[in-house]
Number of protein chains: 2
Amino acid sequence: MTLLADLADVEARRSKSARKIAAYITAEPESVLSMSIATLAGAVGVSEPTVNRFCTGLGRKGFPDFKLALAAELGRRQPGITQDIDPDDSSRHIIDKIFDATRATLVRAQNQIDVATIDRAVQILGSARSIVLCGLGASASVALDAQHKLLRFGTPVIAHTDVINQRMTTASLTGEDCLICISYTGRTMATVEVAELGACAGATVIGITTPGTPLTGHCDLVLPVASEEDTDLYTPMTSRIAQLVLFDVLATKLAIHKGPAFSDQLRQVKDSLKTTRYQG
Amino acid sequence: MTLLADLADVEARRSKSARKIAAYITAEPESVLSMSIATLAGAVGVSEPTVNRFCTGLGRKGFPDFKLALAAELGRRQPGITQDIDPDDSSRHIIDKIFDATRATLVRAQNQIDVATIDRAVQILGSARSIVLCGLGASASVALDAQHKLLRFGTPVIAHTDVINQRMTTASLTGEDCLICISYTGRTMATVEVAELGACAGATVIGITTPGTPLTGHCDLVLPVASEEDTDLYTPMTSRIAQLVLFDVLATKLAIHKGPAFSDQLRQVKDSLKTTRYQG
DNA sequence: TAATAAAATCTAATAAAATTACATAAATTA
DNA sequence: TAATTTATGTAATTTTATTAGATTTTATTA
């Protein structure tokens, strides 16, 4: 179910008209849902059969079937309404609400991701001499999770969750090093100061935070994380989940970036753990 | 979840034919997507205009529009099939695949949750004298995240990510303490041994792991976490996300369990952080 | 560069599907 | 039980999508 991604691929592989259609649909997919094949053909400037061939070419039965697939895809992208938790809710309700809220956060984060920014971050991580991760509170465990993911790449990486250690390490970074500061609020003074220290030391600073906050001022690159919470007393903070998945994306892209020879190293790291486990 | 919920409401409010239609669609919504209005009318045993009126009665423009809404709704419910990541995938594809895989894991975890088990876990946590969290590797950051969530409840809680410290602490637990062991594989020897130590010491042991693994043997209560991975080299480990959300559920239920007086304490903890942040 | 072949696209005709108008039947109420 | 409202079905109409065949565009080769 990667219809929208397939649409992006059309850009390269298919004919001129197909590209025009794909571009139009990518630009405003929602409006296509309420169009007939004639309306869409007119809007794009091609004939109806061309639109129809476009749909069948993408593996659909026809235009209506294509619209259904598009609707399903968009539905997945549209965050459901996140509802506050009521102390009187049943356990089942609470579970559903928390999972729904988490999914909604993921959807928002996914929509927010800019491919070019990710690619630049991967470039930076791939060429960094060392990587330092800083986070406090909930962001501390995100930093540690990221450390665990990045360890396997061979590049020296450390997550600091102690303000003193963060400052000591950061102050002695060089232009070849990369500092990743994680803060959901982007306002934690200690973390902002660490980012500033890192920037002064010449390190490339990547911020994983809410855009437009004090932290972003000291960052060379900001990976925005959807933020729309802290409204309700009981609803948990879900943005850290989005941050974790963001690191999943970075680590995965980095592994691919390193090339096929590197996959042997990944396997070695995996194998190194075998003796620590009871075999199934 | 508007449309499917609306369908359930139809049961009560609308006419006989409308109920028949709603029942049919509720029973197998996916198959309706590939039906024409005539096919559906035939399957249900009503006329085409009746189906049409049913759709408009639910606030849709007509049958095709209804199908689009249904497709969107189903798309939100059922995460796409998790696809392995191909090194040749575009960045957009990789991002979508990772987010989809994460959502799929969440859906699986959500379906797997047993309300009674959660409630029992909350009971245990609520009455524990102290809580010890143990995890290694990826589970270490889950333990730390859980610690961060549980800190605000006042009960002494600590996450250990060092095997020696884990054993030392665990061995000296009492029957009033609670030990939470986190391991996605359920086969990490060190963690299994820690669980055993804790059980011998008399502590209540909660395992957050895959059912049917060595770890579960030493647990008083197992919170299962959907596991279906490690197949692909590049696809990231998503079960830790499910574990985090599981802790969100536990912490939220615990906050409610503690009663309304406790919400003041929650606010105090929140307020205690204010001076560490730049105000927006 | 011109001739030829392949493809992409369009116009027009056909088929399919959905909607509307109107008639009939069922249910509800006085 | 008759009157009235509401629900449902039949058939006609309209909208929408698909197919067939002609035409143009693009690519290929002599």
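The chains referred to below are lettered A, B, ... by the order of the sequence lines, with proteins before strands, and numbering in each begins at 1. Computed from a predicted structure; not experimentally measured.
One finds a salt bridge joining Asp96(B) and Arg92(B) here, because a Lys/Arg side-chain nitrogen approaches an Asp/Glu carboxylate oxygen to under 4.0 Å. Ion pair Arg240(A)/Asp248(B) flagged as a salt bridge, since at least one NZ, NE, NH1 or NH2 atom sits closer than 4.0 Å to an Asp/Glu carboxylate oxygen. Ion pairing between Arg103(B) and Asp100(B) holds under the 4.0 Å rule for side-chain N and carboxylate O.
Note: CD (Glu48(B)) to P (dT19(C)) measures 10 Å, nearest angstrom. Following rounding to the nearest Å, Leu68(B) (CG) and dA18(C) (P) show an atom-to-atom distance of 11 Å. Note: CD1 (Ile37(A)) to C1' (dT19(D)) measures 12 Å, nearest angstrom. For the pair Lys61(B) NZ and dT20(C) C1', the computed distance is 18 Å after rounding to whole Å. One interatomic measurement links the two molecules: CZ of Phe66(B) to P of dT19(C), which rounds to 12 Å at whole-angstrom precision. Between Arg19(B) atom CZ and dT8(D) atom C1' there is a gap of 14 Å when expressed in whole angstrom units. The interatomic distance linking Leu40(B) (CG) with dA16(C) (P) rounds to 19 Å, in whole Å. Atom CZ in Arg53(A) sits about 12 Å away from atom P in dT11(C), given to the nearest Å.
At a cut-off of 3.5 Å, with distance as the only test, a side-chain donor of Thr50(A) or Ser47(A) sits close to an acceptor on the other residue. Counting only N and O atoms by type, the side chains of Lys253(B) and Ser91(A) include a donor and acceptor under 3.5 Å apart.
If you check every strand for non-hydrogen atoms under 4.0 Å, Ser17(A) touches sugar and phosphate atoms only. Note on Pro49(A): a base of the nucleic acid sits closer than 4.0 angstrom, heavy atoms only.
For dA7(D), the OP1/OP2 oxygens have no side-chain nitrogen or oxygen of Thr50(B) closer than 4.0 Å. Side-chain N/O atoms of Ser36(A) include none lying less than 4.0 angstrom from OP1 or OP2 on dT15(D).
For Ser47(B), the side-chain atoms get nearest to dT10(D) when compared with the rest of dT10(D), dA7(D), dC10(C). Considering only side-chain atoms of Lys16(A), the nucleotide from dT26(D), dC10(C), dT10(D) that sits closest is dT26(D).
Of the residues near DNA chain C, Val46(A) and Thr56(B), the one whose nearest nucleotide (by heavy atom distance) lies more toward the 5' end is Val46(A).
A 3.5 Å limit on both hydrogen-bonding distances identifies dA3(C) as the Watson-Crick or G-U partner of dT28(D).
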